[in-house]
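Labels below follow one simple rule: chain letters A, B, ... track the order of the sequence lines, proteins then strands, and each chain is numbered from 1.
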Amino acid sequence: MAERRVRVRFAPSPTGPLHIGGVRTALYNYLFARQNGGDMVFRIEDTDSNRFVPGAEDYIIESFKWLGVEFDEGVSFGGNYGPYRQSERRDIYKKYVNILLESGKAYIAFDTPEELEAKRNEIKNFQYDASTRMSMRNSLAMPKEEVDRLISEGVQYVVRFKIEPNEDVHVNDIIRGDVVINSSILDDKVLYKSADELPTYHLANIVDDHLMEISHVIRGEEWLPSAPLHVLLYRAFGWEDTMPQFAHLPLLLKPDGNGKLSKRDGDRLGFPVFPLEWHDPKSGEISSGYRETGYLPEAVINFLALLGWNPGNDQEIMSMDELIKLFDLHRCSKAGAKFDFEKCKWFNHQYIQLKDNTELAQQMLVQMRAEGVDAPVEKVAKVIGMMKSRVSFVKELWDTCKFFFVAPTEYDEKTRKKRWKEESPAQMTELAEVIAGIDDFSIENQENVVMKWIEDKGYNTGIIMNAFRLAIVGEGKGPHMFDITEVIGKEETIARIKRAVENIK
RNA sequence: GGCGCCUUCGUCUAGUGGCCUAGGACGCGGCCCUCUCACGGCUGAAACACGAGUUCGAGUCUCGUAGGCGCUACCA
């Protein structure tokens, strides 16, 4: 087989926000393109003018920008194979439709949607194909003069692909192997509508993939049943030699139950199914996005990459560069994958641990300042270093770190009951005095002095430290006590102890 | 209904005829670490859809059954 430059495309319809399943499809295309030093094309398939949703195209572009999936050419990226928006390629499709018409591989049909609907109601499993087409209103069944007359009268028509029956069509799929479908079960697909002078998906797709020199079509499994039709189209055009290789990816399924993951599942389960928050222009409805929910793009990418593919070993945390190196279409699974939000959250947790503390500090400072609290970024970063192991989202950081910057105003009920003993007020008052006497407020020295005091007095370490924690933090969690006091300082430590003694009953 | 695809722990998966007493990860339970909560370490429960066949030997190959999903539009 001749060496061919790898060129793949991601070609969504601008019918709404980009579904997370679409993101994965695009990701796999991207990984494959990068690994092979090929091109990633962004094409907009807007051949159904009725379903166009304003803003969808920009949304998709912004989503990939956030996720770090880059395109080499296409809508908004330029390139030598444009235009990349199908609605701007009318003339091109018209030309190819005519080629099919002239060679007798397609024909004109006048049946209206209503007539077809009636036919389907009338005959149980009606299909517009070799067995029925001669009884329909089309250029095969009607005299030429009549066809010409109708066209000249401006009667709307469609162009249908004439599928020859009883032929086994083979699709060689990289993931699924040889898939065979008999052409008799295919219907004479509508390729073109005179009403809007636009092709349907199938024709536009084949023409564009061919003209754009696409080498591999990596798409969702929902396209597998129409793949034989596409093979037949390539053949009809005489393009079989350069037909792209197909790879049909397994679907992303609902976390609970079965079926394709849908927009509704996100709302229902309280988790996003879109990369970015989406404001529906018609309904005004808002759907949550991964970005706004606080997911890191690296985490979303990593998680998605592993939904339907794995590197063959136990490695789970992989950067985009590593994914590009390791990705392999042959290692994609065939069965649909249920979307597990818990695991996605775990990935986010992992990536927060990997993230630079100063960078996280800058993000947390935005929240802090919004609440009227400020602090040097170095100090915030230091606190985050101690605290980030206990959060899964950046936005949780402020809540868990807050006590470092703001003294507790209330004390957790449960902890108070469990940790604040009868003797605690007296002991804490004493502790405040001990701390007041410490000059070297380093973690180590504080610990030495306090522990010595506990030992000398014969106190119970747990009782002292837990009460101390309640006084400083307001609840029973957090890093080691002296790590905290070293950050908040001696005066604040003493003030908090005193306040606790006064307020905790 | 027709056609196609698929089927290993609850979930994502490893597994390409003997290395499988089926491995890892998420989640869940226990223990350890410890002044608490996380992190981390150790550990437990948890799966080859079913039935035939091929073979000395089957999670792995074949067939059948069941189930799931997808497609079946002048949507993509």
Side-chain angles (χ1 to χ4, degrees), chain A residues 11-15 45-48 50-51 86 109 111-113 116-117 120 124-125 127-128 156-160 171 173 175-176 179-182 184-187 189-196 198-202 204-205 219-228 248 250-251 253 255-260 303 306-317 331 333-347 349 353 386-391 400 415 418-419 447 450-451 454 460-470 473 475-482:
Chain A
S13 291
T15 53
E45 309 217 327
D46 53 350
T47 51
D48 185 0
N50 300 321
R51 297 213 305 157
Q86 291 187 329
D111 318 87
T112 64
L116 291 170
E117 179 66 32
R120 287 190 188 102
K124 55 268 164 232
N125 283 323
Q127 182 170 278
Y128 209 120
Q156 299 297 352
Y157 63 89
V158 298
V159 175
R160 284 180 183 272
V171 178
D173 189 276
I175 295 171
R176 287 154 213 285
V179 178
V180 188
I181 293 182
N182 191 280
S184 292
I185 67 123
L186 264 21
D187 65 335
K189 272 277 175 293
V190 169
L191 300 178
Y192 186 85
K193 311 153 271 176
S194 72
D196 53 11
L198 276 168
T200 59
Y201 170 84
H202 304 286
N205 193 263
R219 70 213 322 184
E221 194 188 347
E222 68 267 31
W223 293 109
L224 192 55
S226 50
H248 289 93
L251 265 16
L253 275 18
D256 60 339
N258 294 306
K260 255 178 20 172
F303 170 65
L306 255 11
L307 232 43
W309 170 83
N310 75 81
N313 55 35
D314 291 341
Q315 191 180 3
E316 291 208 279
I317 303 296
R331 288 200 61 85
S333 42
K334 296 180 176 121
K338 281 188 187 173
F339 200 94
D340 182 358
F341 293 118
E342 279 304 323
K343 186 130 192 192
C344 189
K345 200 168 148 184
W346 177 79
F347 271 103
H349 177 265
Q353 309 320 307
M386 295 185 222
M387 300 297 288
K388 68 178 178 181
S389 75
R390 50 209 91 202
V391 303
T400 54
T415 316
K418 195 174 172 193
R419 306 297 194 190
E447 179 148 17
V450 174
M451 287 306 164
I454 291 174
N460 176 296
T461 311
I463 291 177
I464 297 290
M465 296 306 287
N466 283 313
F468 187 21
R469 177 175 299 280
L470 179 63
V473 177
E475 49 189 329
K477 14 175 147 163
H480 277 228
M481 279 312 299
F482 301 112

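- Remark: N310(A) is not in phosphate contact with U13(B), judged by side-chain N or O atoms under 4.0 Å from OP1 or OP2.
- Checking A76(B), C74(B), C35(B) against every side-chain atom of T461(A), the shortest atom distance belongs to C35(B).
- Side chain S389(A) to base A38(B): a donor-acceptor pair is found below 3.5 Å.
- Whole-Å rounding puts the D48(A) CG to C75(B) P distance at 5 Å.
- Within a 6.0 Å radius of NZ in K193(A), more than 12 heavy atoms belonging to other residues, nucleotides or ligands are found.
- In terms of position on RNA chain B, the residue among H349(A) and Q127(A) whose nearest nucleotide sits closer to the 5' end is H349(A).
- Annotation: U16(B) and A58(B) have their C1' atoms spaced 12 Å apart (nearest Å).
- Within the nucleic acid shown, P250(A) has no heavy atom closer than 4.0 Å to any nucleic acid atom.
- Using cut-offs of 30° and 60° for the angle between ring planes, the F482(A) and F468(A) rings count as tilted.
- Nucleotide A66(B): paired with U7(B) (Watson-Crick or G-U wobble, both distances less than 3.5 Å).
- Of all nucleotides listed (U36(B), C74(B), U13(B)), U13(B) comes nearest to the side chain of S333(A).
- Contact annotation for D111(A): base contact, defined as any heavy-atom pair under 4.0 Å involving a base atom.
- Under 3.5 Å, the side chain of K189(A) and the base of A73(B) form no donor-acceptor pair of N or O atoms.
- D48(A) and Y201(A) share no donor-acceptor pair across their side chains, judged by distance under 3.5 Å alone.
- The aromatic ring centroids of F303(A) and F341(A) lie 6.0 Å or more from each other.
- Straight-line distance between the P atoms of U43(B) and G23(B): roughly 13 Å, to the nearest whole Å.
- H480(A) comes within 4.0 angstrom of a base, heavy atoms only.
- Across the P atoms, C63(B) and U72(B) are found 28 Å apart, a figure rounded to whole Å.
- Along RNA chain B, the nucleotide closest to K418(A) and the one closest to K193(A) are compared, and the more 5′ of them pairs with K418(A).
- Look at CG on D340(A): it is 11 Å from P on C26(B), rounded to the nearest Å.
- With rounding to the nearest 0.5 Å, the separation of CD1 in I454(A) from CD in E447(A) is 9.0 Å.
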Grab the N/O contacts between the protein and nucleotides 2-9 of chain B below 3.5 Å, and write none if there aren't any.
residue	atom	partner	partner atom	Å
C5(B)	O2'	R176(A)	NH1	2.6
C5(B)	O2'	E221(A)	OE2	2.8

Between protein and nucleic acid, restricted to nucleotides 20-22 of chain B and to nitrogen or oxygen atoms under 3.5 Å apart, what atom pairs and distances do you find?
none

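- Under the Watson-Crick and G-U wobble criteria, each requiring two contacts below 3.5 Å, nucleotide C71(B) is paired to G2(B).
- Distance from the side chain of K260(A) is smallest for G70(B) among the nucleotides G70(B), A76(B), U13(B).
- Straight-line distance from the CH2 atom of W223(A) to the P atom of C69(B): 20 Å, rounded to whole Å.
- Atom CG of D111(A) is separated from atom CZ of R160(A) by 6.5 Å, given to the nearest 0.5 angstrom.
- Checked against U36(B), C74(B), C26(B), the side chain of E342(A) finds its nearest nucleotide in C26(B).
- The A337(A) side chain lies nearest to U13(B) when the options are A73(B), U13(B), A76(B).
- For R469(A), the side chain to side chain contact (heavy atoms under 4.5 Å, CB included) partners at least two apart in sequence or on another chain are V473(A), M481(A), I484(A).
- Comparing U62(B) with C5(B), their P atoms are spaced 13 Å from each other, to the whole Å.
- Here the nucleotide nearest the side chain of K477(A), chosen from C71(B), C74(B), U36(B), is U36(B).
- Here the nucleotide nearest the side chain of M481(A), chosen from C71(B), U11(B), C35(B), is C35(B).
- Both distances falling under 3.5 Å, in either a Watson-Crick or a G-U wobble arrangement, occur for no nucleotide opposite U21(B).
- For G68(B) and U11(B), the P atoms lie 15 Å apart once the distance is rounded to whole Å.
- Note: NZ (K124(A)) to C1' (G1(B)) measures 12 Å, nearest angstrom.
- As rounded to the nearest Å, C9(B) and G4(B) have C1' atoms that lie 29 Å from one another.
- Across all strands shown, U43(B) is found opposite G29(B) as a Watson-Crick or G-U wobble partner, with both distances under 3.5 Å.
- Residue G308(A) is classed as a sugar-phosphate contact, given heavy-atom separations below 4.0 Å to backbone atoms only.
- Note on K338(A) versus D340(A): no salt bridge recorded, every NZ/NE/NH1/NH2 to OD/OE distance being 4.0 Å or above.
- Side-chain contact check for E475(A) and T415(A): no donor-acceptor pair (N or O, by modelled atom type) lies under 3.5 Å.
- As judged by a 4.0 angstrom heavy-atom cut-off over every strand, K388(A) is placed among residues making no nucleic acid contact.
- Between M387(A) and P479(A), the closest side-chain pair of non-hydrogen atoms falls below 4.5 Å.
- Taking the P atoms as reference points, A47(B) lies 10 Å from A22(B), given to the whole Å.
- Nearest to the side-chain atoms of R419(A) among the listed nucleotides A76(B), A14(B), U36(B) stands U36(B).
- The distance between atom CD1 of I454(A) and atom P of C35(B), rounded to the nearest whole Å, is 10 Å.
- Remark: C1' of C26(B) and CZ of F339(A) are 13 Å apart, rounded to the nearest angstrom.
- Here T15(A) lies out of heavy-atom contact (under 4.0 Å) with every strand.
- R331(A) comes within 4.0 angstrom of the backbone, heavy atoms only, and of no base.
- The OH-C1' distance, from Y192(A) to C75(B), rounds to 18 Å in whole Å.
- On the P atoms, G24(B) is 36 Å away from A66(B), given to the nearest whole Å.
- A side-chain donor from one of R219(A) and H248(A) sits under 3.5 Å from a side-chain acceptor of the other.
- T47(A) comes within 4.0 angstrom of the backbone, heavy atoms only, and of no base.
- If you take CD1 on I185(A) and CD on Q127(A), they are separated by 7.5 Å, rounding to the nearest 0.5 Å.
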